[in-house]
Participant: 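Dropping the structure in here first, questions after.
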Amino acid sequence: MFALTPMLLAVLAQSDDPIFVEVTGEALPGVTTTCGSPNKDWIMEVNGGGLALGDLDNDGDIDLVIVDGSTFERIEAGTISLPPRVFLNEGDGTFTKGGKGWTLPAGRWGTGAALGDVDGDGFLDLVVTNWGANRLYLNAAGQGFVDATHECGLDGDTWSTSAAFLDYDHDGHLDLYVTGYLVFDRKVTPPRGTNGCLWKGHSVMCGPEGLHAEGDRLYKGDGNGKFVDVTEAAGISAATPGFGLGVMTLDADADGDTDLYVTNDSMPNFLWENQGDGTFKEVAFRRGVGHDNQGREQAGMGIACADWNHDGRPDLFVTNFSGESNVMYRSSRGKSFRERSGPMGLGGPSLTRLGWGTGFGDLNLDGHLDLFVLNGHVYPIADHPGTDTTYAQADQVFLGASDRFHESVLAETRPRVSRAGALADLDRDGDLDLVALSVEGPVHVFRNETPKGRHWIAFALEGSGANTFGLGARVELVFGVQHRWAEMRTSGGFQASVPAEVHFGLGTVDKLDAVVVHWPDGKQQRIEAPAVDQLHRIPEDTTR
């Protein structure tokens with residue numbers, strides 16, 4: 001039988017052949033989103049919608065939620081807004097619109113999504129962020145969603161973008177962090193063509209600079225689907241509000257509790273370090289993740305997070321505005337990070353792009369983590385001569401090697417105006433597929449075409465308490481002298497939510513010594529010699 005040698009794997013890993021093939025027509029035909037008008041006269045119209053990937057009905061397959069926006073014409077006419085939509089996986093990576101039980105009422109203008117089991121019943125619940133009140137939909141035992149917004153405690157009428165579930169105080173109940181973008185009121189916020197809002201000599205929509213930032217919010221969950229705003233008590237309100245776009249849960253200092261990283265548009269980013277007493281401290285500048293390596297603030301959009309250099313601490317990748325390079329913050333000594341975008345091959349290829357959704361994953365199963373980056377400008381006028389960029393842009397894949405990345409082609413498609421995206425094994429063949437949104441227009445599904453013969457392993461957790469998916473746990477893979485780490489999370493970096501699963505590419509490795517689960521309560525659970533090329537579901541051992 002033909003076998004892929006390590007040398008051949010290395011050669012194939014550097015191939016410029018696309019990792020993905022677009023299968024939208026087969027997997028999700030005719031599904032589109034809306035975000036204002038094509039002219040983009042207002043900042044409300046440029047960020048696009050959101051998506052969530054997770055097993056909503058507990059049948060073993062990854063389902064999909066698409067969060068739609070709206071138009072000002074619909075709002076002014078009093079027309080019902082465009083609701084979020086649920087699509088159930090048929091088991092082969094194709095989707096069918098959920099039936100009556102999965103039909104969701106709309107908010108004012110949908111933006112992002114987060115999945116997590118907020119009532120501890122073993123099924124994923126859904127939060128949808130909005131320009132307007134955020135909404136909670138409780139999962140009815142895999143038969144549909146029930147709108148629980150009115151009584152859940154997620155009050156407010158602001159513009160929220162991304163959200164993330166976590167258990168920040170280790171009480172076993174999921175809490176929620178919501179990023180706020182800016183204060184938007186059409187009667188006050190200037191549109192395109194007014195107030196001297198210019199970009200490279202062209203008249204563009206106004207913001208975010210010159211507008212008022214909206215503060216982020218932290219909500220403590222009670223385990224029954226209700227939340228209390230603890231933003232002030234937890235110290236989150238101590239920071240100057242940022243134009244928040246992305247949020248990621250992580251254990252940045254490897255001390256066993258969950259921290260939060262937030263990207264801000266045209267302002268320094270936040271790293272909220274969990275103090276272990278119910279409060280957070282903002283330490284981005286001190287840790288080296290608030291600015292680029294020249295000390296400049298950037299316009300941060302999406303976040304990817306993983307332990308790229310296998311030191312037991314997560315590394316961070318952030319997408320930024322055109323003219324600014326995307327940045328890679330590698331974990332360094334102590335609790336700090338170093339910005340290493342240039343030497344790692346990630347800086348230069350991003351300068352003419354405006355990045356949004358992104359994520360780490362071993363896309364070609366060679367044992368090295370890779371990156372996808374979705375791109376697209378906010379100004380349609382970027383197509384005019386002299387801007388050094390374009391409105392529609394090619395999406396990117398960066399294939400990882402031992403010390404740097406190699407830019408490759410995501411798929412053989414035309415440039416698009418991309419926004420949110422997320423990875424998941426949609427067809428359960430062992431490699432990671434991709435769902436990607438445009439600011440408006442079709443929702444795209446990309447199937448991973450990695451050749452057979454490379455090994456992988458994946459894990460899902462079954463917590464014994466209310467945190468049924470083990471969010472915040474760390475999964476350690478052991479083989480020989482090598483260790484690989486991954487954190488269990490559903491936060492997807494920019495207006496997206498990812499499955500509560502961790503996935504490892506193994507290349508030619510076909511035998512493992514053990515997997516060790518470091519549960520959120522600090523206890524460890526070791527499973528010897530897990531079989532490769534399988535998704536393992538690990539129940540928490542309550543006898544430890």
Side-chain angles (χ1 to χ4, degrees), residues 1 3-6 9-10 12-13 19 53-55 60-62 89 91 93 304-312 314-315 359-372 399-402 422-434 447-463 469-490 498-519 524-541:
M1 181 180 293
L4 290 169
T5 66
L9 277 172
L12 291 174
I19 292 288
L53 291 170
D55 186 359
D61 302 315
I62 301 299
N89 196 324
C305 182
D307 182 9
W308 191 84
N309 55 356
H310 313 309
D311 66 350
D315 306 290
F360 280 111
D362 189 348
L363 302 179
N364 56 7
L365 305 181
D366 68 346
H368 297 288
L369 285 173
D370 313 304
L371 277 165
F372 78 89
L399 298 177
S402 58
L423 294 169
D425 185 359
L426 300 177
D427 50 8
R428 290 303 191 199
D429 66 349
D431 52 32
L432 295 171
D433 310 298
L434 174 66
R447 185 177 63 219
N448 193 315
E449 291 288 279
T450 294
K452 303 301 179 184
R454 306 177 191 185
H455 298 294
W456 60 277
I457 195 168
F459 300 94
L461 303 181
E462 298 175 5
F469 291 87
L471 301 192
R474 296 205 302 163
V475 178
E476 178 187 7
L477 208 60
V478 182
F479 49 106
V481 298
Q482 299 191 56
H483 295 251
R484 299 287 186 269
W485 298 81
E487 294 183 35
M488 191 64 70
R489 61 171 67 93
T490 59
V498 299
E501 299 176 2
V502 296
H503 175 276
F504 299 88
L506 300 174
T508 59
V509 176
D510 59 1
K511 291 183 180 179
L512 301 170
D513 295 329
V515 59
V516 182
V517 179
H518 302 256
W519 291 94
Q524 297 183 18
Q525 182 175 347
R526 183 182 177 98
I527 294 95
E528 301 293 337
V532 303
D533 301 329
Q534 291 184 26
L535 168 64
H536 297 261
R537 301 187 183 275
I538 302 179
E540 184 175 5
D541 182 359

Participant: His518 vs Trp485 aromatic rings, parallel, tilted or perpendicular, using cut-offs 30° and 60°?
Facilitator: tilted
Participant: Measuring from atom CZ of Phe469 to atom OG1 of Thr490, what distance do you get when rounded to the nearest 0.5 angstrom?
Facilitator: 9.5 Å
Participant: Can a side-chain donor-acceptor contact be found between His310 and Gln482 if the only test is distance below 3.5 angstrom?
Facilitator: no
Participant: According to side-chain hydrogen bond (donor to acceptor under 3.5 Å, both in side chains), who are the partners of His536, at least two apart in sequence or on a separate chain?
Facilitator: none
Participant: Determine whether a donor-acceptor pair (N or O, by modelled atom type, separation under 3.5 Å) exists between the side chain of Asn89 and the backbone of Asp61.
Facilitator: no
Participant: Can you give me the closest heavy-atom contact between Leu363 and Asp370, atom names plus distance?
Facilitator: N-OD2, 2.7 Å
Participant: When rounded to the nearest 0.5 angstrom, what is the spacing between CG in Leu434 and CZ in Phe372?
Facilitator: 5.5 Å
Participant: Do you know the tightest heavy-atom contact between Pro539 and Arg537?
Facilitator: CD-O, 3.4 Å
Participant: Nearest 0.5 Å please: distance from the CZ atom of Phe504 over to the CG atom of Leu512.
Facilitator: 9.5 Å
Participant: Where the side chain of Asn448 meets the backbone of Leu432, is there a donor-acceptor pair that is under 3.5 Å apart?
Facilitator: yes
Participant: Tell me every residue that passes salt bridge (Lys or Arg N to Asp or Glu O under 4.0 Å) with Glu449, counting only those two or more places apart in sequence or in another chain.
Facilitator: Arg447
Participant: Which pair of heavy atoms, one from Ala473 and one from Leu461, lies closest together, and at what distance?
Facilitator: CB-CD1, 3.6 Å
Participant: Please check if the side chain of Trp308 supplies one atom and the backbone of Leu369 the other of a donor-acceptor pair under 3.5 Å.
Facilitator: yes
Participant: What's the separation between atom SG in Cys305 and atom CD in Glu487, rounded to the nearest 0.5 Å?
Facilitator: 6.0 Å
Participant: Sort and list the pairs that fulfil salt bridge (charged side-chain N to carboxylate O under 4.0 Å, His left out) and have at least one residue in residues 501-514, not counting sequence neighbours.
Facilitator: Arg428-Glu501
Participant: Looking at every non-hydrogen atom in both residues, tell me the closest pair between Leu53 and Ala424 and how far apart they are.
Facilitator: CD1-CB, 3.8 Å
Participant: I would like to know whether Asp431 and Ile19 meet side-chain contact (heavy atoms from CB on, under 4.5 Å); could you show each step before the answer?
Facilitator: CA-CA 10 Å; Asp431 52 32; Ile19 292 288; over 6 Å; no
Participant: Tell me whether Arg454 contacts the main-chain N or O of Asn364 through its side chain, where contact means a donor paired with an acceptor under 3.5 Å.
Facilitator: yes
Participant: Before giving the answer on side-chain contact (heavy atoms from CB on, under 4.5 Å), spell out for Leu365 and His503 the whole-Å C-alpha distance, their side-chain angles and the decisive distance to 0.1 Å.
Facilitator: CA-CA 10 Å; Leu365 305 181; His503 175 276; 3.6 Å; yes
Participant: Main chain of Gln525, side chain of Glu540: is a donor-acceptor contact present, judged purely on distance under 3.5 Å?
Facilitator: no
Participant: Could you pull out the closest heavy-atom pair between Met488 and Gly470, with the gap in Å?
Facilitator: CB-O, 3.5 Å
Participant: Are Asp429 and Lys452 close enough, and set up right, to give a salt bridge (charged side-chain N to carboxylate O under 4.0 Å, His left out), and what steps lead you there?
Facilitator: CA-CA 9 Å; Asp429 66 349; Lys452 303 301 179 184; 3.7 Å; yes
Participant: Going by heavy atoms in the side chains, are Asp362 and Trp456 under 4.5 Å from each other?
Facilitator: no
Participant: Please determine whether side-chain contact (heavy atoms from CB on, under 4.5 Å) holds for the pair Val515 and Val478, giving the CA-CA distance in whole Å, both sets of side-chain angles, and the decisive distance to 0.1 Å.
Facilitator: CA-CA 6 Å; Val515 59; Val478 182; over 6 Å; no
Participant: For a quick test of reading the model, state the closest non-hydrogen atom pair linking Gly430 to Asp425 and the distance between them.
Facilitator: N-OD2, 2.9 Å
Participant: Find the distance between CG (Leu423) and CD1 (Ile62) and round it off to the nearest 0.5 Å.
Facilitator: 12.0 Å
Participant: Which value, rounded to the nearest 0.5 Å, describes the distance between Arg484 atom CZ and Ile457 atom CD1?
Facilitator: 13.5 Å
